[in-house]
Amino acid sequence: MAKNVELPTSQRPKVIPWEPAEFGAFLDRIGTHRLGALFEVIAGTGLRRGEAWGLRWDDVDFARRVIVVRQQIVQVSGLKKRDMAPVAGP
């Protein structure tokens with residue numbers, strides 16, 4: 001544990017949302033990509049990358065047009081899966 005350490009301050013970058021034309025151009029470009037449908041879901045719902053990667057078919061209700069986020073996938077540098085402790089979900 002480090003004591004008496006001052007962490008440097010940093011500013012978060014300002015987020016600039018896409019204009020409708022930019023969003024449309026993005027959708028046009030990804031249409032043929034093998035993960036195009038996933039990118040559309042992310043762009044249209046605001047899911048984070050880990051939430052999208054953690055989706056399972058059981059999480060998607062097409063009839064009600066609802067996605068339930070039950071888990072997310074995270075990448076931890078330097079650790080192998082076997083070294084990570086499981087995390088309990090809700």
Q: Can you see which heavy atom on Ile67 is nearest to which on Val41, and at what distance?
A: CD1-CG1, 3.8 Å
**Q.** Closest contact, heavy atoms only, Asp59 versus Gly54
**A.** OD2-O, 3.9 Å
Q.
I need the full list of ring-ring contact (aromatic ring centres under 6.0 Å, His included) pairs touching residues 30-50, with sequence neighbours left out, sorted by first then second residue.
A. His33-Phe39
Partner set under side-chain contact (heavy atoms from CB on, under 4.5 Å) for [X], not counting sequence neighbours:
X: Arg34; result: none
X: Val68; result: Val66, Arg70
X: Ala37; result: none

Q. By ring pair (Phe, Tyr, Trp, His ring centres under 6.0 Å), which residues pair with Trp53, not counting sequence neighbours?
A. none
Q | salt bridge (charged side-chain N to carboxylate O under 4.0 Å, His left out) partners of residues 40-55, not counting sequence neighbours, each pair once | A | Arg48-Glu51
Under the side-chain hydrogen bond (donor to acceptor under 3.5 Å, both in side chains) rule, collect the residues that match up with [X], sequence neighbours excluded.
X: Gln72; answer: none
X: Asp28; answer: none
X: Arg64; answer: Asp61
X: Arg12; answer: none

Q. What distance do Leu55 atom CG and Leu47 atom CG have between them, rounded to the nearest 0.5 Å?
A. 6.0 Å
Q) Got a sec, which pairs hit side-chain hydrogen bond (donor to acceptor under 3.5 Å, both in side chains) with one end in residues 16-26, sequence neighbours left out? A) none
